Amino acid sequence: MKELLTRRRALLAGGAGLAAAMTTGGIWLANRDNGVPVQHAWRDPSPAPSATPAPSTSPASRAIPIQPGPPGVEHADLLESGNAAELVKVNTSAWYSWALMDRKTGTIVGSKNWNQTNMTASMIKAWLAADYLRRAADNGQTPSSTRMNEIRTMIRDSANGPASTLWAELGRSATISRMISICKLTDSRAGDGWSTTRLSARDTCRIAHAIGSGAAAGPRWTDYLVGEMQAVRGMGDFGIRKAWPSNEQSSIAIKNGWVNRDATNEWNVNCMALGDTWTMAVLTRWKITSPSWSHGAEIAKSVATQLRSKTQLI
């Protein structure tokens, strides 16, 4: 009974706030945004991503409910909200950061910590593929079938071997310098390896847009790369696009990253998604002693679900 009364008070308060806003000529936007604190931790990627178990579907892994945010006007435009960063909430002690871009205008909204960086793990593989393919086309080269198969397994199945090969061929940190320049990043920087590249949520949205617009992979290979990202499968298919009905998920291009590091004793689980009119990023990290890596997948799904209820963009 106490819970019902509390809900009723919350709904009445939301209705009263809406009525007051309308009488003053304004309207309270129930938009989407988030921001939360936490610390880092990680471990070097295993030689084969297939050695890492897929996200669990056990009840324990679903401890994060899909939360609608505060009561208010449904389907208001998040991108016009002055307090977007406070409208997406996830019940977790993990650090997480998110951002959403309108590709038509370049507008980005996100959590208050959207400029803070996280180690990418496999999420950076989308850039490595784009940088290699663009440079090959610029030099008049046609990649071998062997190399194209390597890129396919790197994107679809998150194979680590091809990423390490491309990282070395592309000049290691030089490829990240090109990424920062071409994608117009403001927060990110190279690490000592491809998996330790540090990206912010808003920069991740910019990278996804650069891939979709052709700036990253170039005109010859953009459709190919986006198609491979739409075809991500197996353990790498989690997070943001799981907030959509199953028959719509394959239209959303994604590249996710998941790994833990002995040096920091933390999980890093990150999601990048590209739609026709939008891009989205959700970055997470937490201590390895806490839930399995599927916890990050559920955080990303929860954020995306809330964002979908708060804007017509996606």
Side-chain angles (χ1 to χ4, degrees), residues 43-54 119-183 188 190-197 199 204 207-239 241 249-259 268-274:
R43 155 190 268 150
D44 292 313
S46 57
S50 57
T52 305
M119 286 185 281
T120 61
S122 293
M123 192 172 69
I124 197 64
K125 292 171 181 174
W127 167 258
L128 296 178
D131 195 30
Y132 172 81
L133 292 169
R134 186 196 68 260
R135 286 164 60 82
D138 288 347
N139 292 325
Q141 300 170 346
T142 300
S144 67
S145 58
T146 298
R147 174 51 53 86
M148 295 306 293
N149 284 333
E150 289 174 345
I151 290 175
R152 169 163 289 187
T153 60
M154 181 178 73
I155 299 299
R156 291 192 181 192
D157 303 313
S158 210
N160 288 336
S164 297
T165 298
L166 290 182
W167 167 256
E169 287 185 15
L170 293 169
R172 300 175 63 85
S173 62
T175 186
I176 304 305
S177 295
R178 287 190 293 273
M179 178 183 71
I180 292 170
S181 175
I182 291 172
C183 303
S188 304
D192 57 3
W194 56 265
S195 73
T196 58
T197 304
L199 289 181
T204 300
I207 293 170
H209 175 61
I211 290 172
S213 68
R220 180 177 179 184
W221 293 107
T222 291
D223 288 347
Y224 167 82
L225 179 56
V226 171
E228 291 303 304
M229 292 170 66
Q230 290 172 330
V232 167
R233 59 197 176 189
M235 71 186 67
D237 184 10
F238 64 82
R241 75 177 179 187
Q249 291 174 16
S250 62
S251 67
I252 300 170
I254 63 170
K255 191 69 195 85
N256 298 325
W258 65 104
V259 72
N268 282 214
V269 180
N270 306 309
C271 299
M272 174 173 66
L274 166 66

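Both backbone and side-chain heavy atoms feed into the values below; hydrogens, waters and symmetry mates do not. Just so it is clear, the model here is predicted, and its values are computed rather than measured.
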Enquirer: Nearest 0.5 angstrom please: Thr196 OG1 to Asp192 CG, how far?
Expert: 4.0 Å
Enquirer: Minimum heavy-atom separation for Leu225 to Ala129, with atom names?
Expert: CD1-CB, 3.9 Å
Enquirer: Nearest 0.5 Å, please: how far is CD in Gln230 from CD in Glu228?
Expert: 9.5 Å
Enquirer: Between Ile207 and Met179, is there a side-chain heavy-atom distance shorter than 4.5 Å?
Expert: yes
Enquirer: Could you grab the distance from atom SG of Cys183 to atom CD1 of Ile176, nearest 0.5 Å is fine?
Expert: 10.0 Å
Enquirer: Please report the shortest heavy-atom distance between Ile211 and Thr222, naming the atom on each side.
Expert: O-CG2, 3.3 Å
Enquirer: Please step through side chain to side chain contact (heavy atoms under 4.5 Å, CB included) for the pair Asn160 and Ser122, ending with a clear verdict.
Expert: CA-CA 8 Å; Asn160 288 336; Ser122 293; 4.0 Å; yes
Enquirer: What is the minimum heavy-atom distance between Arg220 and Gln141, and which atoms define it?
Expert: NH1-O, 3.7 Å
Enquirer: Within the structure provided, determine whether Arg134 and Ile182 are in side-chain contact (heavy-atom separation under 4.5 Å).
Expert: yes
Enquirer: Can you measure from OG1 (Thr165) to CG (Leu128) and round to the nearest 0.5 angstrom?
Expert: 10.5 Å
Enquirer: Could you pull out the closest heavy-atom pair between Lys255 and Ile155, with the gap in Å?
Expert: CE-O, 3.6 Å
Enquirer: I would like to know whether Arg135 and Leu170 meet side chain to side chain contact (heavy atoms under 4.5 Å, CB included); could you show each step before the answer?
Expert: CA-CA 9 Å; Arg135 286 164 60 82; Leu170 293 169; 3.8 Å; yes
Enquirer: Does any non-hydrogen side-chain atom of Arg233 lie less than 4.5 Å from one of Asp157?
Expert: yes
Enquirer: Would you say Thr175 and Trp127 are linked by a side-chain donor-acceptor pair, where the criterion is simply a distance under 3.5 Å?
Expert: yes
Enquirer: Can you check whether Asn256's main-chain N or O pairs, donor with acceptor, with Asn270's side chain at less than 3.5 Å?
Expert: no
Enquirer: Regarding Trp194 and Ser164, do their side chains bring together a donor and an acceptor under 3.5 Å, going by distance alone?
Expert: yes
Enquirer: Just so I know, are the side chains of Thr153 and Pro162 near enough to count as touching, which here means a heavy-atom distance under 4.5 Å?
Expert: yes
Enquirer: So do Thr204 and Met123 actually touch side chain to side chain, heavy atoms under 4.5 Å?
Expert: yes
Enquirer: Is there side-chain contact between Ser158 and Lys125, with heavy atoms separated by less than 4.5 Å?
Expert: yes
Enquirer: How long is the span from the OG atom in Ser173 to the CZ atom in Arg178, to the nearest 0.5 Å?
Expert: 9.5 Å
Enquirer: Before you tell me yes or no, could you show the steps for Met229 and Arg156 under side chain to side chain contact (heavy atoms under 4.5 Å, CB included), namely the whole-Å CA-CA distance, both residues' side-chain angles and the distance that decides it to 0.1 Å?
Expert: CA-CA 7 Å; Met229 292 170 66; Arg156 291 192 181 192; over 6 Å; no
Enquirer: Does Arg147 make a cation-pi contact with Tyr132, if we ask for NZ or CZ under 6.0 Å from the ring centre and within 45° of the axis?
Expert: yes
Enquirer: Are the side chains of Ile151 and Leu133 in contact, using a 4.5 Å heavy-atom criterion?
Expert: yes
Enquirer: Quick one: closest heavy-atom pair of Pro143 and Trp221, and the distance?
Expert: CD-CZ2, 3.8 Å
Enquirer: Might you point out which heavy atoms bring Ala273 and Ile252 nearest each other, and give the distance in Å?
Expert: CB-CG2, 4.0 Å
Enquirer: How long is the gap from CG on Asp237 to OG on Ser250, to the nearest 0.5 Å?
Expert: 9.5 Å
Enquirer: Just wondering, do Phe238 and Val232 contact through their side chains at under 4.5 Å, heavy atoms?
Expert: no
